[in-house]
Amino acid sequence: MQIHYFRPFEKLLAYMDYRPRDIEKKWRQYWVENDTYKVSNDSDKPKFYVLDMFPYPSGAGLHVGHPLGYIASDIFARYKRLCGYNVLHPMGYDAFGLPAEQYAIQTGVHPAVSTNENIARYREQLDNIGFSFDWSREVKTCDPEYYKWTQWIFLELFEHWYDNAQQKARPIKELVAHLEANGTEGLEAAQSEPISLSAKAWKEMSAKEKDSTLMNYRLAYRKTTFVNWCEELGTVLANDEVKDGVSERGGFPVERKPMLQWSLRITAYAERLLRSLDTLEWSEAMKKMQSNWIGRSEGAQVFFPIQGHNESIEIFTTRPDTIFGATFMVLAPEHDLVDELTTPEQRAEVDKYLEYVKSRSERDRMADVKEATGVFTGAYATNPLTEQLVPIWLGEYVLKDYGTGAIMAVPSDDERDHRFATKFGIEIIDVIDKSDYPDAGREDKVGKMINSGFLNGMEVKDAIEKTLQEVEKRGIGSRQVNYRLRDAIYSRQRYWGEPFPIMYDADGVAHGMDVKDLPLELPDLADFKPASGGKSPLARAEDWVYAVDGYTRETDTMPGFAGSSWYFLRYMDAGNPEAFASREAVNYWQDVDLYVGGTEHAVGHLMYSRFWHKFLFDKGLVPTDEPFRKLINQGMIQGVIESMYMQKEKVNGYNRFVCAGLVGEEPDKDFVKIPVHVDFVQDYGSNASHMDTESIKKFMDWRPEFQHAIFECGNGIYQDGTFKSKKEVDGSHLMTVSEVGKMSKRYFNVVNPDDVVERYGADCFRMYEMFLGPVEQAKPWDTKGIDGVSKFLRKFWGLFLDQEGNFHVSDAEATKDEQKILHTCIKKIREDIERFSFNTCVSGFMVATNDLQKARCNKRSILEQLVVLLAPFAPHMTEELWHKLGHEGSVHDAAFPEFEPKWLIEDSIAYPISINGKKRALAEFPADASKDDLEKAALELEDIQKWIEGKTIRKVIVVPKRMINIVVG
RNA sequence: GCCCGGAUGGUGGAAUUGGUAGACACGCAGGACUUAAAAUCCUGUUCCCGUUGAGGGAGUGCGGGUUCGAUUCCCGCUCCGGGCACCA
């Protein structure tokens, strides 16, 4: 049949031929059969390590937000591979965690079972998207073969201390040797609290005493810390789970309770963690967050002697200059000296206050600063410089774990101290005259000292230095560097985590297990509820706890960040039974070149991983001091949340839903928002979102408890299948509320990538996720726009087809214009991938495809290069085209196209010409025109003449190859 | 409360180093093809005034500033998102 020339039918054939479902399935199988993505540790090529933050496999499965970062990193990994690198691009699962345990408590399903099911589901979903992961290196943190090494690293931390002089971790044995020889003399160690000890005293200690002394130095050690304890739930809660002093789940009272817990001495590494931030290619924001988290401050440690006691209160201040204004002291309510200090007269009031503070979460205590709370202990301390007596108060705004848990309060120069003093009528002495700085705030470090004895007349900066000298001279304190960073609490009273490889002997002395006995596997349990008295569920497994004669096992488990602090190293040599990774593997892969993940891990995971890595570096186990060279943060993909207003009170026993247009100014008073499945809502996500009569019927089928409810809108009232009209209009138009928020089961707005892939194909899904916007940015998901990308892919496919829809490319030489289209595209893709701007890559491909279609180009020399260029983005389609072009191997082993600038050289350039910065004309001038020529030519233009007529030309700015601006007055 | 981000047409976004604001898409409107629909192609689409295809004004959350020129830099706000140490 002869087909006459008209596009539509011809195109129809072309598009019919592109069947993503068949193509994608075929090539995915081919890749598996050919080990296309298997990576060797033995290669002549330069290495490149692209890593994603591994997911926690939740029961809800992946939604379209999860793969965003994975797609970006996959594109980058594939790009690097095409550029000739040996690319490590692995994936695994952060598989220990609370949700699985919670689920187990509710349903009795063992966390291992549900976790494995979830992992299987994740794997299916991931496979569906066509990632280039080397699955032979998969890790699961809950796998004993994996957590064996988590336990091993913990033991290494346990067996080391930090030498501040050498600035590195050293074996405990060397510390013991030092103590035996010299006691604490000459010892510069990171420690919980300063102790001094003679060699003799050390030698005379009992095993138990030695153990607790060493705990003062170990990098993994035990100490008492405060936790949010919920008696009713029998467990410790995260700050997140505590709302207004009660548990979010159940509303039970929560109190701050001291507990003996394992901690990691991350503070020993504070300075190094801070300093090496400079060497990282992370966003400034991310570095700043880390640096703020570490919170280095220089100042003075000062001791305030307590009147009538032998002890002193140690404080740290960054403003020693203001010491003459220190009119009172505030201790954290948990401070060790509180009990001792409190006078009998104040006892009752102090106890009442302590009771109140117990119910306050740390978050509340930091957030509620408007209203100061506190109580007087009845005791006084001596200000060591003024020798005045100052009252000692307790206040919840001072936190036990920050600094020394005590402050000297200077109401004149500290906002919170001022609020406190004002409320309780404590004396305020102005010590800085700020009259030269009218804009300065209370806490600004400027002005001249007054009322400050020997400091009077000095500028603040000099006064700080002078006070430091004076403090040291008088022996009442010393210069000190303080960090906000706290040691990481490492114990969890949970089941689903790594068991500690620790056993206690009859004296309660902690012993690390022998490495050959690792992994210490989690015992099986039928009941995952916490054991009584704040004990971990593991305490129920008595056979396990008392398995070794004379010893009891630690029953707490490790926290979520344990397994995730080193997983990137395991990928280098997954499955190695001899070591966490072989020396050769670690030396070859070195570190992660590109790490992609969410900002929500800004301080937690990223800080802990860096700390562990530095420790392993000290041990010579890894060759680099930092694990993640470059970091890219992906934004969250949000969903549209649609809800209807339902009146809180029922009407004649029926629920009443009311149009958002009818609820008045303060809808929250009388109405609650009931989330509606977004699929039911017309025009969802817009101001016009509404439910018509059909939508309401669907809603009632979905939520049968509302089948007799009243639905009222401006048009009328709908109930039990009948619509009573208020006007002439028939049918409901009930407005819903549209918000942007988390994609979550509870809002019925989750979009499963499988559904999108099924409909449009994985290549389309991948490119659409990228096309949505910059990877780093949060953005709402909307499937509506996906047609544009789908159309693009079919158009691209169409370039390879003749008018009959047969595959046909021409071997004729490409024209200059065609080369220009190609090389414009190569340049853009190369540059944009390098700066992680994947959304603009997609538009670059669209532009090239549109241009080539217009040029009716089907030249092999052009299209073949474009196929390789597109391969990282659309791996399946390009693989099909590559083979159709006659190649044998995979397109993913081809070479990435090189950019040749010669094709983009222009003879002339279009210059915008502005008058006073406003564009008035556009004109082509030769590319090599001089500044003077450009100025002259611009002024002569007709369009410009009318603007400068009768005016003075004050200045002409010519930026060659850019623009011309004429300033007239 | 503290720390870190973000805000550009009806929508997602582009503008890489201070130099043509709105690339590329979605949506919408009109047209071609079709018995019709789908699909596809073409044209238009920041807003306002004006209009023959003239021309002009405003404009990147709000208010100031620096500059020949500001989405971009500085100061002050508003709103939204993330983190704040046991969610992962």
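It should be emphasised that the depicted structure is a prediction, and the values quoted were computed from it without experimental measurement. Within every chain, numbering begins at 1; the chains are lettered A, B, ... in the order of the sequence lines, protein sequences first and strands thereafter.
- Nucleotides of RNA chain B nearest to A:P57 and A:N292 differ in position, and the one nearer the 5' end is that of A:N292.
- With both pairing distances under 3.5 Å, B:C33 is matched to nothing as a Watson-Crick or G-U wobble pair.
- A:Q493 is linked by a side chain to side chain donor-acceptor pair (under 3.5 Å) to A:Q261, A:D556, counting only residues two or more places apart in sequence or in another chain.
- A:Y760 meets the ring-ring contact (aromatic ring centres under 6.0 Å, His included) test with no other residue; sequence neighbours excluded.
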Requested in this report: Treat primed atoms plus P, OP1 and OP2 as sugar-phosphate and everything else as base, then score nucleotides 17-30 of chain B 5' to 3': B for base contact with protein heavy atoms under 4.0 Å, S for sugar-phosphate contact only, - for none.
Outcome: --BBS-BBSS----
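- Residue pairs meeting the salt bridge (Lys or Arg N to Asp or Glu O under 4.0 Å) criterion with at least one partner in residues 832-848 of chain A, sequence neighbours excluded, are A:K828-A:D832, A:D832-A:R835.
- Evaluation of the salt bridge (Lys or Arg N to Asp or Glu O under 4.0 Å) test over residues 910-920 of chain A, restricted to residues two or more places apart or in two chains, returns none.
- When the side-chain nitrogen and oxygen atoms of A:Q777 are compared with OP1 and OP2 of B:G5, none of them lie within a distance under 4.0 Å.
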Quick one: side chains of residues 959-969 of chain A, donor-acceptor pairs under 3.5 Å with protein atoms, not counting sequence neighbours, listed by atom name and distance.
residue : atom : partner : partner atom : Å
A:K961  : NZ   : A:A927  : O            : 3.4
A:N965  : OD1  : A:G917  : N            : 2.9

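- Between the P atoms of B:A7 and B:C74, the separation comes to 14 Å (whole Å).
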Report summary line: Protein-proximity profile, nucleotides 80-86 of chain B, B/S/- by nucleotide at the 4.0 Å heavy-atom cutoff, equals --SSBBB
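- Within 4.0 Å (heavy atoms only), A:W947 reaches sugar-phosphate atoms of the nucleic acid but no base atom.
- Residues A:T557 and A:E498 bring no donor and acceptor atom of their side chains to less than 3.5 Å of each other.
- Residues in residues 770-781 of chain A take part in these side chain to side chain donor-acceptor pair (under 3.5 Å) pairs, two or more places apart or across chains: A:W781-A:T783.
- Evaluation of the ring-ring contact (aromatic ring centres under 6.0 Å, His included) rule for A:F226 yields no partner, not counting sequence neighbours.
- Here, B:G10 and B:C47 have their P atoms 7 Å apart, quoted to the whole Å.
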Report summary line: Whether each nucleotide of nucleotides 74-79 of chain B has a protein heavy atom under 4.0 Å at its base (B), only at its sugar-phosphate (S) or at neither (-) is summarised, 5' to 3', as ------
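- Note on ring orientation: taking the six-membered ring where Trp is involved, the planes of A:Y595 and A:H605 are perpendicular (angle over 60°, cut-offs 30° and 60°).
- Under the side chain to side chain donor-acceptor pair (under 3.5 Å) criterion, A:H418 pairs with A:R442, sequence neighbours left out.
- When the side-chain nitrogen and oxygen atoms of A:R920 are compared with OP1 and OP2 of B:G57, one or more of them lie within a distance under 4.0 Å.
- Under the rule for a ring-ring contact (aromatic ring centres under 6.0 Å, His included), the partners of A:F561 that lie at least two apart in sequence or sit in another chain are A:Y490, A:Y608.
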